[in-house]
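Only a predicted model underlies this, so the values are computations on that prediction, with no experimental measurement involved. Basis for what follows: all heavy atoms, side chains included, without hydrogens, waters or symmetry-related copies.
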Amino acid sequence: MKSIIKHDSSTPPRLRTLRRNGLARRYLFSALLIALVPLGLLAIVYDTQYVRALDKVTESRTNARLSGAENLLRTFLEERIYELEGLADIPEVFEWLTAAQPGDTPNRMMLSQLRQQLDSPHIYGVVTKPAQFDQPEWYVTETLIKDVSWRTLPVTRFEGAELLGPALPTPERPGWIILRLSPTGFDPAPEAWIGLVIRLASLTEQVQDLTLPGLQTPLLVPPQNVLLTSVGSLKPPGPPSRKDINSRDFIEGWHIRLQWLGDPLLGPLESARFGLIFLAIGAALGVIFLSRHLSKRLDRQVTPLIEGADRVASGDFDTPLGIEGTAEIGYLSFALERMRLRLKRLVKSMVDVERRAILGQFSAGVAHEIRNPLATIKTTIQALSRKESDPKRQKLMESVDHEIDRVNDVVQLLLDYARPREAKARKVNVLDVVETVKILADAVAHRHDVELIQVEHPPVFAWADPSQVRQIVMNLVMNAIQALEGIGGKVVIRIRQQGLAVYVSVSDNGPGVSADHLSHLTEPFFTTKTNGTGLGLAICKQLAQANQGTLRFQSIPGEGLKVTLQLPLYLNNSILE
């Protein structure tokens with residue numbers, strides 16, 4: 001995405017754009033979308049499809065179990081009808097139902113047949129209603145029919161028979177139903193019939209398999225619209241639940257109800273569902289918080305780098321960038337800081353070279369204009385001096401001649417600085433150079449009460465121009481002696497070889513140089529001496545660089561100055577020899 005840069009004169013456009021459309025913000029925003037979209041889709045899919053699929057599977061399984069229970073109930077009643085048909089087909093029973101007159105009693109054979117039915121665990125007894133009788137004959141215990149009017153019981157047709165009841169259970173007696181069959185059919189109105197008094201618990205226990213402990217309990221709902229448990233007892237009515245499941249009528253007016261007891265199994269799933277939703281929301285909030293935190297942290301780390309780069313671009317090489325941050329930002333800060341320092345040295349070097357060139361041209365012009373008339377003046381003074389008889393004037397002319405020599409030396413320095421001689425490197429015995437310088441400078445040192453010490457060292461060879469090395473060392477020694485002029489002290493010359501370099505150090509115990517002046521010692525015309533020209537160390541640095549060497553200054557105010565000349569070591573296999 002291409003950003004639109006808008007800026008005014010008070011704010012750098014690049015910095016403002018980066019703050020608003022930073023890569024870190026874009027990256028974190030993209031990461032936020034990548035993380036949240038799948039998480040949100042997962043939560044939606046789970047909340048809809050998975051739960052819906054689970055409900056469908058549960059519903060399908062429940063319907064199958066209900067169908068199985070309905071078949072068991074119907075089969076149970078069909079078996080009782082089959083038993084009843086067998087009983088009605090017995091000749092004695094049929095004759096009793098059709099031909100018995102009020103006041104007659106069943107014979108022994110019939111009673112024997114009826115007793116055989118009582119052996120079934122599902123049967124309480126038998127009831128018969130001969131055609132000529134007004135009331136049926138009950139072959140059951142008196143307790144079962146106490147306070148029960150068979151004419152008030154609901155009647156339901158089933159498979160050519162009829163169900164009467166149920167007679168609901170009470171604390172004094174159990175519940176039961178009558179399954180009756182007419183040997184002549186029930187149309188138009190039953191006049192003679194025989195029935196089995198069936199245990200209500202035997203019927204209701206057919207739905208026992210629908211029980212899911214703690215989750216669902218099966219109930220049988222008869223035409224009275226009461227609730228019968230699987231053991232044949234009445235269940236107190238309560239408020240229905242929307243999760244209760246009612247089957248279709250397996251017999252007219254009879255159906256099964258699965259009463260919902262709670263969420264002992266689905267509760268954890270529902271909890272997991274809401275937990276997932278809360279987890280998704282929490283994860284989204286966490287990602288947002290983390291993204292915002294990282295964005296601010298990156299902004300705090302990147303913004304100083306951008307501001308520092310802008311400072312460097314505007315020419316400020318002295319203010320450090322401030323190396324902060326971790327990992328990549330830390331490495332980037334380190335690289336930018338190193339780039340700033342290199343740019344600073346490069347710019348300083350370029351400025352120094354340009355300044356030297358200008359000074360060289362200026363010095364060469366001034367030296368040329370001074371040297372010619374100076375030679376004429378010197379020749380004239382010498383000629384006049386030879387003819388002068390007055391001693392005072394003679395001495396005055398000698399002083400003028402001496403000052404002319406001094407000015408000539410300065411002019412020579414200007415020429416040396418402006419037109420440095422090209423170094424002709426060869427094998428140099430640095431120890432010989434130092435000993436020669438010491439011999440030449442000893443007289444001057446003695447005159448200024450300075451002790452000149454050379455630390456012993458075996459011969460060491462450098463690859464440089466011998467005369468220029470001697471000039472550098474002599475200049476350093478003379479500067480050290482002049483620093484001790486009037487106060488006395490000692491100057492120590494040391495030679496050291498380390499690696500592929502040779503070091504010659506000249507140190508004194510004079511007043512030293514302040515830190516502010518230390519970095520300007522090699523600048524042309526900079527001097528701390530009252531009668532100095534400020535060109536000696538500048539020429540030394542120039543000569544050292546011409547010989548692939550360097551000059552390093554170390555000083556502690558009040559303890560002296562140490563100058564170290566580094567030169568390349570002479571190698572036996574040098575092709576330049």
Side-chain angles (χ1 to χ4, degrees), residues 352 402-403 405-406 409-410 412-414 416-417 430-457 460 462 464 467-498 501-545 547 549-567:
D352 188 54
H402 177 72
E403 290 301 322
D405 291 339
R406 185 169 173 274
D409 291 340
V410 174
Q412 184 61 44
L413 289 175
L414 287 174
D416 290 343
Y417 181 77
V430 179
L431 181 61
D432 288 345
V433 173
V434 170
E435 289 176 349
T436 303
V437 171
K438 182 177 181 299
I439 293 171
L440 296 175
D442 264 339
V444 180
H446 181 71
R447 188 166 59 247
H448 292 86
D449 196 20
V450 174
E451 182 184 4
L452 188 57
I453 303 172
Q454 177 188 351
V455 179
E456 293 185 0
H457 192 278
V460 59
S467 61
Q468 293 183 352
V469 173
R470 183 168 54 254
Q471 183 179 351
I472 296 172
V473 176
M474 175 62 79
N475 198 308
L476 297 181
V477 172
M478 295 306 294
N479 279 346
I481 294 174
Q482 292 173 3
L484 298 173
E485 186 175 353
I487 59 176
K490 61 181 179 181
V491 176
V492 180
I493 307 174
R494 288 185 176 86
I495 301 173
R496 179 168 57 92
Q497 175 187 345
Q498 183 175 354
V502 176
Y503 298 89
V504 179
S505 64
V506 178
S507 59
D508 62 75
N509 58 351
V513 179
S514 65
D516 293 336
H517 292 167
L518 200 61
S519 59
H520 301 286
L521 289 179
T522 57
E523 293 181 359
F525 306 111
F526 178 84
T527 179
T528 58
K529 296 181 290 188
T530 55
N531 57 350
T533 61
L535 290 174
L537 291 178
I539 294 175
C540 288
K541 180 180 178 182
Q542 199 176 49
L543 295 178
Q545 291 177 344
N547 288 277
T550 59
L551 277 180
R552 186 175 61 182
F553 298 85
Q554 297 171 285
S555 177
I556 298 177
E559 297 184 7
L561 174 67
K562 179 181 180 181
V563 185
T564 303
L565 169 64
Q566 176 188 346
L567 294 171

Under a 3.5 Å distance rule, please check whether Asn547 uses its side chain to pair with a backbone N or O of Gly549 as donor and acceptor.
no

Kindly determine whether Leu565 and Val506 satisfy side chain to side chain contact (heavy atoms under 4.5 Å, CB included), including the steps that lead there.
CA-CA 9 Å; Leu565 169 64; Val506 178; over 6 Å; no

Just wondering, do Asn475 and Ile539 contact through their side chains at under 4.5 Å, heavy atoms?
no

Test side chain to side chain contact (heavy atoms under 4.5 Å, CB included) on Val477 and Leu452 and set out the steps.
CA-CA 9 Å; Val477 172; Leu452 188 57; 4.0 Å; yes

Measure the spacing between CZ of Arg447 and CG of Asp442 and express it to the nearest 0.5 Å.
11.5 Å

For Leu431 and His457, the nearest pair of non-hydrogen atoms, with its separation, is CD2-O, 3.4 Å

Determine the minimum heavy-atom distance between Met478 and Val444, stating which atoms define it.
CE-CG1, 3.7 Å

Roughly how far apart are Lys490 NZ and Ile453 CD1, rounded to 0.5 Å?
5.0 Å

Those residues at least two apart in sequence (or on a different chain) that pass side-chain contact (heavy atoms from CB on, under 4.5 Å) with Lys562 are Ser505, Ser507, Gln554, Thr564

The criterion is side chain to side chain donor-acceptor pair (under 3.5 Å); which residues satisfy it with Ser467, sequence neighbours excluded?
Arg421, Asp465

Sub-4.5 Å side-chain heavy-atom contact between Ile493 and Val455:
no

With distance as the sole test, does Ser555 use its side chain to make a donor-acceptor pair with the main-chain N or O of Leu561 at under 3.5 Å?
no

Can you name the closest pair of heavy atoms from Thr436 and Arg470 and give their distance?
CG2-CD, 4.2 Å

For His446, the ring pair (Phe, Tyr, Trp, His ring centres under 6.0 Å) test, sequence neighbours excluded, returns none

Considering non-hydrogen atoms only, spot the tightest contact between Val450 and Gly488 and give its length.
CG2-CA, 4.5 Å

Apply side chain to side chain contact (heavy atoms under 4.5 Å, CB included) to the pair Ile495 and Val434, showing each step before the final yes or no.
CA-CA 9 Å; Ile495 301 173; Val434 170; 3.8 Å; yes

Determine whether the side chains of Asn509 and Glu559 contain a donor N or O and an acceptor N or O closer than 3.5 Å.
no

Rounded to the nearest 0.5 Å, the CZ atom of Arg552 sits from the NZ atom of Lys541 at a distance of 14.5 Å

Here the pair of heavy atoms bringing Ile472 nearest to Ala544 is CD1-N, 3.7 Å

Are Lys438 and Glu435 side-chain neighbours, meaning at least one heavy-atom pair lies under 4.5 Å?
no

Walk me through it: do Leu484 and His448 pass the test side chain to side chain contact (heavy atoms under 4.5 Å, CB included)?
CA-CA 8 Å; Leu484 298 173; His448 292 86; over 6 Å; no

I want to check something: taking the side chain as every heavy atom from C-beta on, are Val513 and Pro557 in contact at a cut-off of under 4.5 Å?
no

Nearest non-hydrogen partners of Ile481 and Ala441, listed with the distance:
CD1-O, 3.9 Å

Near Ile556 CD1, under 6.0 Å, is it more than 12 heavy atoms from other residues, nucleotides or ligands?
no

Flag for Arg496-Gln498: side-chain donor and acceptor within less than 3.5 Å:
yes

